[in-house]
Amino acid sequence: MTERANKKRSWTYIQSCFVESQLKTLTKSKGKQKETFDATSSNPNPKKFSKTSATPLPKTFKVVAGSYEKLLYGLEGTTSINENSEVEFHLKPIFIFPAHVSCIKAVAASPDGWDLRRRKEIGGLMHHEDGTLCLFRARDWTVLRSLKGHKGRVNSIAVHPSGKVALSVGKDRVLRMWDLMRGKGVASTKIGKEGELVRWSIDGSLFIVQSGSTIDVYTTDVTLIHTIRHSSRIHDVKFGDVMLVGAEDKKLSVYEVSKDPDQTPRVIAQMVGHTNRVKAVQTLNIALPEVSGRAQTTIVSTISSDGYVNIYDLATLPEKPSEDGKLLEISPVASYDSKNTRFTCITLADGDIPIEIAGKRKRDESGDESEKKQEEVEEEWKGVEEQEEEGEAEENVEESD
């Protein structure tokens, strides 16, 4: 069998794993309400950017944004009903402080990372090796594995909705796939350009690689089905039922992307309101007040170099594009002005998640405790070393292609 055939076989094998994992997700019940990607909603236009589950949606939300000025901003988002029975969205600052000694490049929120109720840091981690991806155990931030493969910096990583595999792109112009269950690289392919972002679609059947003003859309067997050439340089992409593209043109463009390679992706709407480049975008499903007549909606939050955080209601997106070809312009439903802070990254978090403070975990770092932790790590990754050595041998063969 040729080296090229071996490479194709690796991607096809992972594709079968995706299908299997998706079927398990769709059909598992075990006494619980089934999860589905096609759950119905009372929304007039229920576009989704995450799987629907039995977990109740939050009624409030948190916005956390980082900046060039080392500042971390925290905003609280709420909804209310006005006198016309219309939903109104509100943003209120809850914290602003210098979180790092240099520019903040990325931010993520979790009840186990930042205490958003007490508004303080509860822990930190530091690990750095050029060209590697690190897997941390969230319970105690232990480094479980360093995944080596890229030559040079890693620009972006995306975990598949199943949580079992991930994709990464970097300066070496290679797209790599990682088996997160075994902690090893399983496939790679040269894409001919430096990928800046990689993103999975909501159901894990497609993924995109962005570079400059171009977005390439692939199937899981790495078949290129679309190439989108945006009008300006792209800074961020969110891939759900529709694709949201933030760019230098000061807008968030909404693309309709089909799995059919014969149907060209098209812009169906634009979210406006910024006066400078759109740097990042995030989405979150939230519950709405019962009297609104809508059970839920998806909010879209953007940040820009103009210093504004904007919130949009995705329910205003039409189900079908206008027949006259005119693009719908969607205005923000809420905004926060930071007074010229140059925002760089953003994340959204549930506002009503209870953060357990009872039964605190002991922080005993005695010798016995350290040995116990080390044994746990070794047990979790038992046998992976042999598999990784085999994987590295396969990688060397692929790189010679």
Side-chain angles (χ1 to χ4, degrees), residues 18 21-22 25-26 35-53 55 57-58 61 63 108-109 156-163 166-167 197-210 215-220 225-226 228 230 234-247 251-260 263 265-271 278-288 294-303 310-321 328 330 332-333 345-350:
F18 293 160
S21 65
Q22 292 302 92
T25 302
L26 287 167
E35 286 189 79
T36 175
F37 292 105
D38 300 313
T40 57
S41 168
S42 59
N43 257 6
N45 186 30
K47 299 295 184 184
K48 300 183 291 297
F49 283 83
S50 62
K51 293 187 294 183
T52 303
S53 71
T55 305
L57 293 176
F61 59 95
V63 182
S156 180
I157 181 172
V159 177
H160 188 265
S162 67
L167 294 174
L197 291 174
V198 59
R199 298 282 190 267
W200 285 104
S201 62
I202 183 175
D203 63 357
S205 63
L206 301 175
F207 67 88
I208 65 100
V209 176
Q210 173 266 326
I215 299 174
D216 291 328
V217 184
Y218 295 89
T219 59
T220 53
I225 59 172
H226 300 299
I228 300 172
H230 196 66
I234 297 169
H235 291 287
D236 200 9
V237 179
K238 189 74 175 176
F239 199 179
D241 283 352
V242 292
M243 184 186 295
L244 305 178
V245 178
K251 303 170 185 176
L252 187 70
S253 299
V254 184
Y255 279 87
E256 183 181 63
V257 181
S258 172
K259 295 179 183 179
D260 185 351
Q263 293 187 18
R266 57 176 177 169
V267 179
I268 58 175
Q270 291 179 326
M271 297 183 180
V278 177
K279 290 288 290 182
V281 56
Q282 279 295 337
T283 62
L284 183 69
N285 295 331
I286 64 170
L288 296 176
R294 292 192 287 158
Q296 65 183 68
T297 192
T298 298
I299 58 170
V300 178
S301 184
T302 58
I303 53 166
N310 284 347
I311 301 293
Y312 302 86
D313 185 354
L314 201 61
T316 58
L317 187 67
E319 293 188 14
K320 295 182 179 180
L328 172 69
I330 301 174
V333 293
C345 52
I346 188 173
T347 191
L348 296 178
D350 296 358

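Note that the structure is a prediction, hence the values are computed from the model and not measured.
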State, to 0.1 Å, how close [X] and [Y] come at their nearest heavy-atom pair, and which atoms those are.
X: Ala247; Y: Ile234; answer: CB-CA, 4.0 Å
X: Thr283; Y: Leu244; answer: CG2-CD1, 3.9 Å
X: Ile330; Y: Tyr312; answer: O-CE2, 3.5 Å
X: Pro161; Y: Ser201; answer: CG-O, 3.8 Å
X: Leu288; Y: Arg294; answer: CB-O, 3.4 Å
X: Leu314; Y: Val300; answer: CD1-CG2, 4.0 Å

Side-chain contact, heavy-atom cut-off 4.5 Å: [X] with [Y]?
X: Leu317; Y: Val254; answer: yes
X: Leu206; Y: Thr219; answer: yes
X: Ile311; Y: Phe61; answer: yes
X: Val267; Y: Lys251; answer: no
X: Val217; Y: Lys259; answer: no
X: Arg199; Y: Lys238; answer: no
X: Val278; Y: Met271; answer: no
X: Leu328; Y: Ile268; answer: no

Would the distance check show the side chain of [X] and the main-chain N or O of [Y] forming a donor-acceptor pair, the cut-off being under 3.5 Å?
X: His160; Y: Gly204; answer: yes
X: Ser156; Y: Val198; answer: yes
X: Trp200; Y: Ala158; answer: yes
X: Asp236; Y: Gly246; answer: no
X: His235; Y: Val281; answer: no

Gap between atom [atom2] of [Y] and atom [atom1] of [X] - 0.5 Å precision:
X: Ile299; Y: Ile286; atom1: CD1; atom2: CD1; value: 4.5 Å
X: Asp216; Y: His226; atom1: CG; atom2: NE2; value: 11.5 Å
X: Phe239; Y: Ile215; atom1: CZ; atom2: CD1; value: 9.0 Å
X: Asp241; Y: Asp203; atom1: CG; atom2: CG; value: 8.5 Å
X: Leu197; Y: Ile157; atom1: CG; atom2: CD1; value: 13.0 Å

task: Please report the C-alpha distance between Met243 and Ile228 in whole Å, then the side-chain angles of each, then the deciding distance to 0.1 Å, and finally whether the side chain to side chain contact (heavy atoms under 4.5 Å, CB included) criterion is met.
output: CA-CA 11 Å; Met243 184 186 295; Ile228 300 172; 4.2 Å; yes
